[in-house]
*Asks:* 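This is the structure I have questions about; it appears just below.
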Amino acid sequence: MAVQTEVILRGLDRLVEKHHLLKHPFYRAWSNGTLPKERLKVYAVQYYQHVREFPENLRSLASRTNGELRALVTENLAEELDEVNPHPKLWREFAKAVDVEEQDLDFCRLLPGIAALLDTFEELSANGSFAQAVAAFYVYEAQ
């Protein structure tokens, strides 16, 4: 690995550590068992939209890459769509466990933050520079 790549990865890792999503009050409350179930239900419905779309983002990015990077993206896609436990199926099971109705997962009104997340990953995977896309996907998967 080139020295420049190592420096970039260390910088990204520091940013992930500083802003890791598990440090957010929402995730702390969830981990501590103090998050109200209604908030967890909204989260399950909203975040499912990203979980459902993420494989398409990976496909889009893979179609623009080659070599080692394509292999890494394809490997990530295979993990997302595991034959036994694809991530969207697992997320649907989680949502069901917190009493979310199936139709709520399929026909929800997106909150602005989730809409922005979906737009960002779609744009980066299809049109962003490789540096932007790889950094965003790396930071997401690192968490």
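What you see below is based on every heavy atom in this structure, not just the backbone, and it leaves out hydrogens, waters and symmetry mates.
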*Asks:* Would you say the ring centers of Phe94 and Tyr48 fall short of 6.0 Å from each other?
*Replies:*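 No - the distance between ring centres of Phe94 and Tyr48 does not fall below the 6.0 Å cut-off.
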*Asks:* Going by an N to O cut-off under 4.0 Å, is there a salt bridge joining Glu17 and Lys23?
*Replies:* yes
*Asks:* Testing the 3.5 Å rule here: is there a donor-acceptor pair between the side chains of Tyr138 and Asp13?
*Replies:* yes
*Asks:* Sequence neighbours left out, what pairs pass ring-ring contact (aromatic ring centres under 6.0 Å, His included) with at least one residue falling in residues 56-86?
*Replies:*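 Sorted pair list comes back empty.
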*Asks:* Side chains of Glu80 and Pro86, heavy atoms from C-beta outward: is any pair under 4.5 Å?
*Replies:*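 A side-chain contact is absent here, since even the closest heavy-atom pair is not under 4.5 Å.
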*Asks:* Quick one: do Tyr140 and Leu21 end up in the same hydrophobic cluster if we chain Ile, Leu, Val, Met, Phe, Trp and Tyr together by side-chain heavy atoms under 4.5 Å apart?
*Replies:*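 Tyr140 and Leu21: one cluster.
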*Asks:* Is the shortest distance from a Lys or Arg side-chain nitrogen in Lys37 or Asp99 to a carboxylate oxygen in the other one below 4.0 Å?
*Replies:* yes
*Asks:* Looking at side-chain heavy atoms only, is the closest gap between Trp30 and Arg39 below 4.5 Å?
*Replies:* no
*Asks:* Minimum heavy-atom separation for Asn57 to Ser125, with atom names?
*Replies:*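 Asn57 and Ser125 have their closest heavy atoms at O-CB, 3.2 Å.
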*Asks:* Decide yes or no for Pro25 and Arg28: does some side-chain heavy atom of the first lie under 4.5 Å from some side-chain heavy atom of the second?
*Replies:*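 Contact flag for Pro25/Arg28 side chains = no.
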*Asks:* Over 60° means perpendicular and under 30° means parallel, so classify the ring planes of Phe54 and His50, tilted if in between.
*Replies:* tilted
*Asks:* Between Lys96 and Glu93, does at least one N-O distance fall below 4.0 Å, as a salt bridge requires?
*Replies:*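 Answer for the salt bridge query: no.
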*Asks:* Would you give the length of the straight line joining atom CD of Glu101 to atom CG of Asp106, rounded to the nearest 0.5 angstrom?
*Replies:* 11.5 Å
*Asks:* Centres of the Tyr43 and Tyr27 rings: under 6.0 Å?
*Replies:*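 Close enough - the centres of the two rings lie under 6.0 Å apart.
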*Asks:* Do you know which two heavy atoms are closest between Gln143 and Val16, and how far apart they sit?
*Replies:*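 Minimum heavy-atom contact is CG-CG1, 3.7 Å.
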*Asks:* With a 4.5 Å heavy-atom cut-off, do Cys108 and Leu110 have their side chains touching?
*Replies:*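 In short, these two side chains touch, coming nearer than 4.5 Å.
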*Asks:* Using 0.5 Å steps for rounding, measure from the OG1 atom of Thr74 to the CG atom of Leu61.
*Replies:* 9.0 Å
*Asks:* May I ask you to say whether Asp104 pairs ionically with Arg109, meaning some side-chain N is under 4.0 Å from a carboxylate O?
*Replies:* no
*Asks:* Check each of Leu77, Asp82, Leu81, Asn76 against Glu79 using the side-chain contact (heavy atoms from CB on, under 4.5 Å) test, and report the only one that passes.
*Replies:*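 Going through the options one by one, the only one that passes is Asn76.
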*Asks:* Under a single-linkage definition using a 4.5 Å side-chain heavy-atom cutoff for Ile, Leu, Val, Met, Phe, Trp and Tyr, are Leu118 and Tyr47 assigned to the same hydrophobic cluster?
*Replies:* yes
*Asks:* How many angstroms lie between atom NZ of Lys18 and atom CG of Leu15, to the nearest 0.5 angstrom?
*Replies:* 7.5 Å
*Asks:* Would Ile114 and Val98 show up in the same hydrophobic cluster when neighbours are defined by side-chain heavy atoms closer than 4.5 Å?
*Replies:*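 They do share one cluster, since a chain of ILVMFWY contacts under 4.5 Å joins Ile114 to Val98.
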*Asks:* Side chains of Thr65 and Leu72, heavy atoms from C-beta outward: is any pair under 4.5 Å?
*Replies:* no
*Asks:* Do NZ/NE/NH1/NH2 and the carboxylate oxygens of Glu56 and Arg59 come within less than 4.0 Å?
*Replies:* yes
*Asks:* Taking only residues two or more places apart in sequence, or in another chain, which ones meet Arg52 in a side chain to side chain donor-acceptor pair (under 3.5 Å)?
*Replies:*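 Applying side chain to side chain donor-acceptor pair (under 3.5 Å) to Arg52 gives Gln49.
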*Asks:* Charged N to carboxylate O below 4.0 Å: is that the case for Arg92 and Glu102?
*Replies:* yes
*Asks:* Tell me whether Val139 is reachable from Leu22 by hopping between hydrophobic residues (I, L, V, M, F, W, Y) whose side-chain heavy atoms are closer than 4.5 Å.
*Replies:* no
*Asks:* Any pair with a residue in residues 70-89 that passes ring-ring contact (aromatic ring centres under 6.0 Å, His included), sequence neighbours left out, goes on the list, sorted by first then second residue, please.
*Replies:* none
*Asks:* With distance as the sole test, does Arg64 use its side chain to make a donor-acceptor pair with the main-chain N or O of Gly128 at under 3.5 Å?
*Replies:*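 Yes, Arg64 side chain to Gly128 backbone: donor-acceptor pair under 3.5 Å.
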*Asks:* Same cluster for Phe26 and Val51 if Ile/Leu/Val/Met/Phe/Trp/Tyr side chains link at under 4.5 Å?
*Replies:*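 Yes: a chain of side-chain contacts under 4.5 Å links Phe26 to Val51.
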*Asks:* Tell me, yes or no, whether the heavy-atom count around Glu68 atom CD, taken from other residues, nucleotides or ligands under 6.0 Å, exceeds 12.
*Replies:* no
*Asks:* Of all heavy-atom pairs between Leu105 and Ala44, which one has the smallest distance, and what is that distance?
*Replies:* CD2-O, 3.9 Å
